[in-house]
Number of protein chains: 2
Amino acid sequence: MASDLLERIKELIIDRRLPPGAPMPSERELTELLGTGRTCVREALKALQAMGIVDIRHGFGTYVGPMSMAPLTEGLAFRTVAGHYRGEDSLLQLLELREALETGLAGRLAGRLAEADLAELDALVARMEEEALDGAVRVETDRAFHAALCRGLDNPLLSEVLEAFWSAYRRVRADLPEQRSADPRASCARHREIVAAIRAGDSLRAQAAIRDHFCNIRSHLRLTYRFAR
Amino acid sequence: MASDLLERIKELIIDRRLPPGAPMPSERELTELLGTGRTCVREALKALQAMGIVDIRHGFGTYVGPMSMAPLTEGLAFRTVAGHYRGEDSLLQLLELREALETGLAGRLAGRLAEADLAELDALVARMEEEALDGAVRVETDRAFHAALCRGLDNPLLSEVLEAFWSAYRRVRADLPEQRSADPRASCARHREIVAAIRAGDSLRAQAAIRDHFCNIRSHLRLTYRFAR
DNA sequence: CTAGCTCAGTTGGTTAGAGCAGCTGACTCT
DNA sequence: AGAGTCAGCTGCTCTAACCAACTGAGCTAG
């Protein structure tokens, strides 16, 4: 009877055309509305929260979630860590996933990026080079670069999914102890080449640059694996 | 106090190296183990279930989940439907996401697919053509084609993510009423071209074929949008 | 009159206890 | 030996009460 509670709450959101950020009925109201106990309502809401559909704020209320892809990060990171500890090359798989997506992106992106976006990418690479001199590139800078890359596509979903993959990768690297980082100088050069290729409108070159970038990361990853076993 | 219950249960899985399918402690045991009420344990488990980390079976027990990307489908489909009803081109975004990923895939796939896989793809296209004569291509056949495509990559994560995107797209199309389907005959030809390009080892041609395929779907989608408004 | 505090009333968070419902396996009766 | 039953696991649902976070109205002190 209360097994399709999740669906019914989803329907409620759809039917009422509730936009992200809109307040949901309170737990007590939902309890009456759906003719079920509060426990079940709460369990359903928790599940919806895990999916990013709903946003629960203690003492304040429940709201329609931002519908971002952020929850993906959670599951993906966990899956990857768990797989890693069981001896799978899950981190490598995650990296390949990102590579496939970004490669496909670069193809469509080349020559279609506004000069403003290109300038921002230039600035980010410049900052990377600065930071590389001080030792290591800040994580935020790298994230900003990848985020700026797909902004030009005008596809929020794509951006968020990529961001989620990136975060998951990052998180897993942070969770796993043994890590050796790549040469930051070489990494900068690769980033610069990516921007150059896109500016030149050379789709093939852009893809090659991305692939090259990932190939480098991958080889370092493999090194890590070898030492870990 | 019980706010990081989720994390603690995840840790439990990691620490005990529980593989997918392994039995979790029962709710009552977890209650004692974590020193908290049963309600909270259940809420946490529900959330974990929504992330695919745990698999709950009534009257049987709770098990470590398959860690598949299937839950992604849920959230993605909902987000897309909700966005659509609010006037966004969310379905188009989802389609572009798939396109970017499959394009990136095709690049790496070309020439690297075993003959056995290619033969299977051939067979699937042949079946499509048969079904096209009877009216419309069965959904299962299309799914099988896309699934077979990435099997050659030996990257389960990639396959699952793609499958999740595909399912979400499919589900949304089914949920939304107004739909006009593409010409099945033309669709078959495009699928055949994709296989041919990959067999030829022509990375560029394979990408073009995929792009072409999606371009066709997209134009039909746009048509649908125009009529819907 | 205003700045700040307090408190009542909202919301979600947590707990305990009871009973329901699905599944398994051993035990019993035919 | 086979079929049916039942005890004992599991998760599911509900109730009722209380805790904790936050808001906003209203009061108080400056």
Side-chain angles (χ1 to χ4, degrees), chain A residues 1-13 16 18-68 70-71 74-75 78, chain B residues 1-13 16 18-68 70-71 74-75 78:
Chain A
M1 216 323 174
S3 58
D4 51 346
L5 249 191
L6 241 110
E7 290 306 318
R8 286 165 67 197
I9 297 180
K10 284 203 251 177
E11 266 176 42
L12 185 146
I13 297 176
R16 298 191 179 180
L18 296 182
M24 296 274 296
S26 77
E27 288 179 1
R28 271 100 172 167
E29 281 175 303
L30 279 177
T31 296
E32 274 192 39
L33 210 60
L34 303 172
T36 176
R38 197 167 154 221
T39 316
C40 295
V41 170
R42 280 184 53 74
E43 282 175 9
L45 287 177
K46 280 288 180 123
L48 288 173
Q49 184 181 40
M51 297 191 254
I53 291 179
V54 126
D55 188 13
I56 306 177
R57 281 180 257 175
H58 187 175
F60 196 51
T62 304
Y63 296 77
V64 177
M67 312 245 183
S68 83
E74 287 299 316
F78 182 81
Chain B
M1 217 315 176
S3 57
D4 50 348
L5 248 190
L6 238 110
E7 290 306 319
R8 287 165 67 199
I9 296 180
K10 284 203 252 178
E11 268 176 39
L12 185 146
I13 297 177
R16 299 192 178 179
L18 296 182
M24 296 274 297
S26 76
E27 289 179 2
R28 272 100 170 168
E29 281 175 303
L30 278 176
T31 296
E32 273 192 39
L33 209 61
L34 303 172
T36 177
R38 197 154 154 231
T39 315
C40 296
V41 169
R42 280 186 52 73
E43 283 174 9
L45 286 177
K46 280 290 181 126
L48 288 173
Q49 184 181 40
M51 297 190 253
I53 291 178
V54 125
D55 187 14
I56 306 177
R57 282 180 255 174
H58 187 176
F60 196 50
T62 303
Y63 296 78
V64 177
M67 312 245 185
S68 84
E74 287 298 317
F78 182 81

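Please read all numbers here as calculations on a predicted model, not as lab measurements. Order of the sequence lines fixes the chain letters, A, B, ..., with proteins taken first and strands second; residue numbering starts at 1 for each chain.
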Do any side-chain nitrogens or oxygens of [X] fall under 4.0 Å of OP1 or OP2 in [N]?
X: B:Thr36; N: C:dT14; answer: no
X: B:Arg57; N: C:dG22; answer: no
X: A:Thr62; N: C:dG12; answer: yes

DNA chain D contacts among residues 45-55 of chain B, heavy-atom distance under 4.0 Å = none

query = Stepwise, does the side-chain contact (heavy atoms from CB on, under 4.5 Å) test hold for A:Leu30 with A:Leu45?
reply = CA-CA 10 Å; A:Leu30 279 177; A:Leu45 287 177; 4.2 Å; yes

What's the spacing between [X] [atom1] and [Y] [atom2] if we round to 0.5 Å?
X: A:Met24; Y: A:Ile9; atom1: CE; atom2: CD1; result: 6.0 Å
X: A:Leu6; Y: A:Leu48; atom1: CG; atom2: CG; result: 4.5 Å
X: B:Gln49; Y: B:Arg42; atom1: CD; atom2: CZ; result: 9.5 Å

ask   = Just by modelled atom types, is the A:Leu34 backbone N or O under 3.5 Å from a matching donor or acceptor in the A:Arg8 side chain?
value =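 Such a contact is found between A:Arg8 side chain and A:Leu34 backbone.
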
key: Heavy-atom donor-acceptor pair, A:Glu29 side chain to A:Ser26 backbone, under 3.5 Å   =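 It does hold such a pair.
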
Starting at atom [atom1] of [X], determine the distance to atom [atom2] of [N], rounded to an integer number of angstrom.
X: B:Glu29; N: D:dG11; atom1: CD; atom2: P; answer: 8 Å
X: A:Ile56; N: C:dG12; atom1: CD1; atom2: P; answer: 8 Å
X: A:Glu32; N: D:dC14; atom1: CD; atom2: P; answer: 14 Å
X: A:Leu30; N: D:dC14; atom1: CG; atom2: P; answer: 13 Å
X: A:Glu27; N: D:dC14; atom1: CD; atom2: P; answer: 14 Å
X: A:Glu43; N: D:dT15; atom1: CD; atom2: P; answer: 14 Å
X: B:Leu5; N: C:dG13; atom1: CG; atom2: C1'; answer: 12 Å

request  = Could you tell me whether the side chain of B:Pro25 reaches within less than 4.5 Å of the side chain of B:Leu12, counting heavy atoms only?
outcome  = yes

message = With a 4.5 Å cut-off on side-chain heavy atoms, are A:Met67 and A:Pro20 touching?
response = yes

Side chain of A:Cys40 - closest among D:dT13, D:dG11, C:dG12 =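 Of D:dT13, D:dG11, C:dG12, D:dT13 is nearest to the side chain of A:Cys40.
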
message = Quick check for you: among D:dG11, C:dG13, D:dT23, whose closest atom lies nearest to any side-chain atom of A:Phe60?
response = D:dT23

query = Considering residues at least two apart in sequence or located in another chain, which fulfil the salt bridge (charged side-chain N to carboxylate O under 4.0 Å, His left out) criterion with B:Lys46?
reply =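 Salt bridge (charged side-chain N to carboxylate O under 4.0 Å, His left out) list for B:Lys46, sorted by chain: A:Glu43.
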
N/O contacts under 3.5 Å, protein versus nucleotides 17-21 of chain C?
{"unit_1": "C:dA21", "atom_1": "N3", "unit_2": "B:His58", "atom_2": "NE2", "d": "3.3"}

Enumerate, atom names and distances included, each donor-acceptor pair closer than 3.5 Å involving a side-chain atom of residues 52-65 of chain B, sequence neighbours excluded.
none

Between N or O atoms, less than 3.5 Å apart, protein on one side and nucleotides 4-8 of chain C on the other: list the pairs.
none

task = Starting from the C-alpha separation in whole Å, work towards a yes-or-no answer on side-chain contact (heavy atoms from CB on, under 4.5 Å) for B:Lys10 and A:Glu74.
result = CA-CA 11 Å; B:Lys10 284 203 252 178; A:Glu74 287 299 316; 2.9 Å; yes

message = My understanding is that only residues two or more places apart in sequence, or in another chain, count here; which of them pass side-chain hydrogen bond (donor to acceptor under 3.5 Å, both in side chains) with B:Arg16?
response =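 None.
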
